[in-house]
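Written below as structure tokens is the structure these notes are about.
Order of the sequence lines fixes the chain letters, A, B, ..., with proteins taken first and strands second; residue numbering starts at 1 for each chain.
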Amino acid sequence: MKKSKLKRSFFNRSTVEVAVDILGKVLICRDGSTKLGGRLVEVEAYIGRDDPACHASKGRTPRNEIMFGKPGLLYVYFTYGNHYMLNIVTEREGFPAAVLLRGLEPVYGINQMMKNREVNKVTNIANGPGKISQALGITTRQKGVDVTGDRIYLVDDKTKPDEIWCSPRIGIGADGADRMWRFFIKGNSYVSRAPKHICEMARVFNKGIR
DNA sequence: TATTGGATCGCC
DNA sequence: GCGATCCAATAG
């Protein structure tokens with residue numbers, strides 16, 4: 001089986017489908033001779049104007065306008081005075097939606113990522129959304145970068161992820177907390193520390209797994 | 001122009 | 001469990 005780079009058509013689908021399918025794929029960031037990245041193990045879906053937790057729920061603003069753009073663009077924003085959140089835009093152009101990257105199993109450039117994070121445990125490099133951006137050197141400068149290009153992209157190496165589970169999204173208030181739109185690989189050590197949430201197997205997306 | 005709170009993290 | 005930290009969004 002050959003490795004392949006994910007194309008725009010991958011992201012031009014329903015956000016839940018993209019969120020589930022992107023688990024197990026490898027995110028690569030190239031900068032000159034530096035190659036950083038790893039396998040995605042936890043993501044969340046933010047879907048359109050009807051999703052109260054989606055930044056675009058109240059319409060288009062300077063911050064969220066990238067979400068209305070082409071599927072496959074990076075949506076990066078700054079929050080809590082400290083952290084950059086890395087998202088990939090999904091669905092057709094004009095429909096504001098994205099997948100937030102929350103957990104990554106380090107594969108490439110582990111030493112450099114540990115330097116970027118000032119940590120010395122691999123399990124503490126990228127087990128949280130702010131940590132992923134810091135490890136990879138992502139800031140709002142990367143907002144709008146196209147992941148079908150050659151600087152930041154995703155690779156399908158045909159690895160089958162283990163069981164996919166879902167839960168409510170983290171850090172979301174009552175509005176939108178009912179949606180089970182956080183997806184992660186059950187038991188993986190690089191999933192972020194989460195509050196005690198109801199988790200269940202995402203049965204629809206685990207065909208063939210019993 | 002002022003105020004408020006956040007898709008978090010790290011340390012107590 | 002709580003404070004840091006600063007920007008975006010909203011209200012006045």
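Among residues two or more places apart in sequence or in another chain, the side chain to side chain donor-acceptor pair (under 3.5 Å) test is passed with A/D157 by A/R39, A/T159.
Note that A/R8 lies outside the cation-pi zone of A/F10, set by a 6.0 Å cut-off to the ring centre and a 45° limit from the axis. Cation-pi geometry between A/R141 and A/Y84 is not satisfied (NZ or CZ under 6.0 Å from the ring centre, within 45° of the ring normal). Because its NZ or CZ atom is both nearer than 6.0 Å to the ring centre of A/F184 and within 45° of the ring axis, A/R182 counts as a cation-pi partner of that residue.
For A/R63 and C/dC7, the shortest distance from a side-chain N or O to OP1 or OP2 is not below 4.0 Å. Between B/dA7 and A/T79, no contact under 4.0 Å exists linking OP1 or OP2 to a side-chain N or O. The side chain of A/R182 contributes no N or O atom lying less than 4.0 Å from OP1 or OP2 of B/dA7.
Here the side chain of A/R60 pairs no donor or acceptor atom with the backbone of A/F68 at under 3.5 angstrom. Using modelled atom types, one side-chain atom of A/R117 and one backbone atom of A/I125 make a donor-acceptor pair closer than 3.5 Å. Side-chain N or O atoms of A/S167 include none that pairs as donor or acceptor with a backbone N or O of A/C199 at under 3.5 Å.
Here A/L100 lies in heavy-atom contact (under 4.0 Å) with a base.
No hydrogens or angles were tested; on distance alone, nothing pairs the side chain of A/H83 with the base of B/dA7 as donor and acceptor under 3.5 Å.
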Quiz item: Which dot-bracket string describes DNA chain C (Watson-Crick N1-N3 plus N6-O4 or O6-N4, or G-U N1-O2 and O6-N3, all under 3.5 Å; [ ] crossing; | other strand)?
Solution: ||||.||||||.
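Residue-nucleotide stacking is present for A/Y46 and B/dA7, judged by a side-chain ring centre under 5.5 Å from the six-membered base ring centre and planes under 30° apart.
The stretch residues 112-146 of chain A comes close to DNA chain B through A/R117, A/G128, A/P129, A/G130, A/K131, each having a heavy atom under 4.0 Å from the strand.
The neighbour count for A/K158 NZ, taken as heavy atoms of other residues, nucleotides or ligands under 6.0 Å away, is above 12.
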